Amino acid sequence: MPELAPAYEPSTVEDRLYRQWTDRQDYRANPQSAKPGYSIVIPPPNVTGILTLGHVLNNTLQDILARRARLLGQEVLWLPGTDHAGIATQTVVERTLKKEGKIKHRDDLGREEFLKQVWQWKEKHGGIIIQQLKKLGASCDWSRERFTMDPAYSACVQQVFVDLFHKKLIYRGRRMVNWCPVSRTALSDEEVIMKEQKGLLYHFRVQVSGQKDRFLVIATTRPETIPGDTAIAVNPKDPRYASLIGQCAIRPLPPELPEAQRRIPIIGDEHVDLEFGTGVLKVTPAHDPADFLIGQRHQLPSLEVIDETGLMKPEAGKSLAGLDRAKARTAAVEQLKELGLLEKEEPYVNQVGYSERADVPVEPRLSEQWFLRYPSTETSRTIVSGGKLRFFPERWTKVYDHWMENLQDWCISRQLWWGHRIPVWYRGDEICCQIESPGADWRQDSDVLDTWFSSWLWPFATMGWPEKTPELKKFYPTTDLVTGPDIIFFWVARMIMAGFEYMGELPFRNVYFTGLIRDAKGRKLSKSLGNSPDPLDLIAKYGADGLRFGLLRIAPQGADIRYDEKQIEEGRNFANKLWNACRFRQQQGPSDPKANPAQHPRTPFCDFLLEKLDTLERELDRLYTQYEFSQIAQALYGFVWDEFCARFIETAKADFLNPASPTRTGTLATSDFVLSRVLRLLHPYMPFITEELWITLGLGTETIILADAGQTPAVRLRRTDPKFAEGSHDSRSLGRALSAAGGSARSRQGKNSTGKRDHRLRSRPGP
RNA sequence: GCGCGCUUAGCUCAGUGGUAGAGCGGCUGCCUUACACGCAGUUGGUCGGAGGUUCAAAUCCUUCAGCGCGCACCA
């Protein structure tokens, strides 16, 4: 038995053990197994992404659940994989090619050649995050790694599209969508982030047609869209303006146009708020969702003045044409001033939708897109509100329910190249929805599908659907899903609906929502702020176990996490503490893997520790059912540090140092028994160090991964000292008893020896 | 505007009816024969404000304030 080093050195252990585990296929899931199944599908990270602290948190939690399930004797499948991440990946590749001077725009390469470049990029960078997860100790079944653009997976996506099309849940329509002028694609409502914007509210006058002195004053935040106005709306109940309904007004821009072409109707519409602004609304059906609806109600023409890249079109007039939206705003205001029509401008704060990826204001835009009317909505809603599919923390059920109650059709087409091509074919006026091309003279729809339209199938498409595979039989529905609340609509809700629609079953039984990791100042971690530590650096510095344990100990359920490197250091310190407790045991002679304290005379301290261990296990069982991961870490920390090291080991020294002590064998047996249990309890959180100690101490010959299987019942003891046991419920009185009985050996010796170290004291600088 | 959450020691947070807790930090002393990634001590809070229920409230109720988040077609 090699002697343990004085300090735990993760770097000498981790890679070696991980290779062993992989070589021995300890993580392989066997669908034929007789054991009860336990499964998790990984939230697939972006294929070109790199590991962040958020991933560390999320995947450590999954690893804990998976390893715990293995120790409880379950057949575990933790299914890994990556996501093609349409917009994100395409943007990165396009930007890189531009930076290298190879292209100015992806059109320079053409669709086919560009896609070749993306695949090359994926091959080169695609494996990085997977390798990083391995460094973390993730016990995924890597033989089943999936990618959302695998041929089999793509076939699932296409099949689902075709199916929903024929069910008439997918349709094509010319509608107002969120348009990102940078990515030049439509977005779903979920990909738009509302941001508060400090702007100005401009009041300008429009002349009522045929009445030289009659003006209406309109308040707007977007004067650049005036050339696209096709009506002026007032509330029919508004006594100020009702009489004007049916008349016309003269749109001021573009001024060079003859007045007849700028004459627009004044209409009455309930949507207009009497209280807001002046009570008069300009209606731009082509560039505002609300105005679009008004336009439909009144059969107004749509006049597009902004193009797909966010530049003003010629229709906007000669002084605006070609300008960017933002610049056009100032220019339009200048024009109004020159025309003497600008009444006033006042500071104004409003909410503006931003593109999640490109971080620019989205432009509401009228275009031909594909939409999905969600399937299986009722079941999906009640399964959560009825508590059959459980969310942790529970409050997210309300958020989910509210969204499900107000479902809007999902815009699923994207004007991108990287993604699943829409399986729809055209020939003249004919349209055909099927996977294979109907013939050479048919042209395929050029759009691809929203990335989430593929990931919503993840729980079953990764297990071989639509075939009835043994994997699906054994592992679907999955047991737990661990993810962030930020994708509750994007992903979680949609997976539930897809699960019911295609498997007739919920996709997972429990969802655990993690918190967001923030820095010490409470800011989100981000690359641009430079406050985002590299997990691999942390692993190098503190070990994977230290990182995992340190982070988990401060990750409260349902709340954001204030990250501080100090806490990872704590994790490392804890690993070292455990290491040394085992090292000390090792120095007393070989351990007995079958140690049974009940068969030996013991001290009261042994009994107290054994009782504490029972309490700990019961407590952990309870906490696991509640997904209270930080409390589990806290309980383990307290047991190892305070109960085992500070109390038990210190008192055990009396036995260890005295070979003649009658309770020596009992103390050794207690030590072995407790360590054997504690290492297994700690293993889900700290897989590397626990395996290393397990094998080195000889507590088991095989891996600790599959060590328990529920085979170790608690040892029931008759109290060696009833009086002591009665008092033992009060840990404080025990602490006093321990001190009296001879604890704190180190401290006493330290004090006793101070006199002998006068030379050292003297050598210090004087007071 | 609607909804949700948070506010407890200097910091980060546990604690859902019964005499205020942990870790870190601070301070004092220790290289001590498992561990200085450590040990022994010690400091520290009228539990955001106000009101109420109760024998008893950090905990339940009402209300106010501050912060954060989600949803929303007031331009």
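It should be emphasised that the depicted structure is a prediction, and the values quoted were computed from it without experimental measurement.
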Pairs under 3.5 angstrom, nitrogen or oxygen only, protein versus nucleotides 72-74 of chain B, please.
unit_1, atom_1, unit_2, atom_2, d
B:C73, O2, A:H271, NE2, 2.7
B:C74, O2, A:D273, OD2, 2.7

message: Counting only side-chain heavy atoms from C-beta out, which of B:G23, B:A75, B:A34 sits nearest to A:Y637?
response: B:G23
- prompt: Is there a donor in the side chain of A:D189 and an acceptor in the side chain of A:N178, or the other way round, less than 3.5 Å apart?
  reply: yes
Distance, rounded to the nearest Å, where A:E394 contributes CD and B:G5 contributes C1': 14 Å
message: So for atom CD, which belongs to A:Q197, do other residues, nucleotides or ligands contribute more than 12 heavy atoms lying within a distance under 6.0 Å?
response: yes
field: Atom-pair distance (OH on A:Y563; P on B:C24), nearest Å
entry: 17 Å
task: For A:D288 and A:D291, indicate whether the former's side chain and the latter's backbone hold a donor-acceptor pair under 3.5 Å.
output: yes
- prompt: Is the charged tip of A:R494 near the ring of A:Y374: under 6.0 Å from the six-membered ring centre and within 45° of its axis?
  reply: no
field: Between A:T651 and A:K653, a side-chain donor and acceptor under 3.5 Å
entry: no
statement: Applying the 3.5 Å cut-off to both distances, the Watson-Crick or G-U partner of B:A65 turns out to be B:U7
- prompt: Considering only side-chain heavy atoms of A:V272, which listed nucleotide, B:C35, B:A75, B:G23, is closest?
  reply: B:A75
statement: Between CH2 of A:W396 and C1' of B:C4 the distance, given in whole Å, is 8 Å
- line: Side-chain contact check for A:N576: nearest option of B:C37, B:A40, B:A34 is B:C37
- request: For A:F489, report the nucleic acid contact type (base, sugar-phosphate, nothing); a contact means any heavy atom under 4.0 Å.
  value: sugar-phosphate
statement: Contact string for nucleotides 8-16 of chain B, one letter per nucleotide 5' to 3', B = base within protein heavy-atom range under 4.0 Å, S = sugar-phosphate only, - = neither, reads ----SSSS-
message: I'd like to know if the side chain of A:S661 pairs up with that of A:D655 as donor and acceptor (distance under 3.5 Å, no hydrogens or angles considered).
response: yes
task: Could you tell me whether A:I218 contacts a base, only the sugar-phosphate backbone, or nothing, with contacts defined as non-hydrogen atoms closer than 4.0 Å?
output: nothing
query: Which nucleotide in the set B:G70, B:G23, B:A75 lies at the smallest distance from any side-chain heavy atom of A:V399?
result: B:G70
message: Whole angstroms only, please: what is the CG-P distance between A:L657 and B:A34?
response: 8 Å
- prompt: To the nearest angstrom, how far is A:F513 atom CZ from B:G5 atom P?
  reply: 15 Å
query: With respect to the side chain of A:R518, which nucleotide from B:G23, B:C37, B:G68 is positioned closest?
result: B:G68
message: Quick one about A:E565 and A:Y542 (side-chain donor to acceptor, distance below 3.5 Å, no hydrogens or angles considered), yes or no?
response: yes
statement: Taken to the nearest whole Å, CZ/A:R583 to C1'/B:A36 is 14 Å
Solution key, residues 4-14 of chain A side-chain donor-acceptor pairs under 3.5 Å, sequence neighbours excluded:
unit_1, atom_1, unit_2, atom_2, d
A:T12, OG1, A:E9, O, 2.8
A:E14, OE2, A:A544, N, 2.6

query: Of A:K282, A:H287, A:R251, which meets side chain to side chain donor-acceptor pair (under 3.5 Å) against A:D229?
result: A:K282
query: Does the side chain of A:S188 pick up a donor-acceptor pair with the side chain of A:E191 at under 3.5 Å?
result: yes
- prompt: Which is true for A:E569 with a 4.0 Å heavy-atom rule: it touches a base, it touches only sugar-phosphate, or it touches nothing?
  reply: nothing
message: Does A:C582 reach a base, just sugar-phosphate, or nothing at all? Heavy atoms under 4.0 Å.
response: nothing
query: Over how many whole Å does the gap from A:K195 atom NZ to B:G68 atom P extend?
result: 16 Å
- prompt: For A:R222, which contact category applies under a 4.0 Å heavy-atom criterion: base, sugar-phosphate, or nothing?
  reply: nothing
- prompt: If you find the nucleotide of RNA chain B closest to A:F574 and the one closest to A:N580, which residue's nucleotide is nearer the 5' end?
  reply: A:N580
cation_pi(A:R553, A:Y637) dist<6.0 Å, angle<=45: yes
- prompt: For A:K566 and B:G23, is the shortest distance between a side-chain N/O and OP1 or OP2 below 4.0 Å?
  reply: no
- prompt: Hey, does the side chain of A:N573 come within less than 4.0 Å of B:G38's phosphate (OP1/OP2), counting only N and O?
  reply: yes
- prompt: Given that both distances must come in under 3.5 Å, which nucleotide forms a Watson-Crick or G-U wobble pair with B:U46?
  reply: none
message: Distance check needed: B:C71 P versus A:F490 CZ, whole Å only.
response: 9 Å
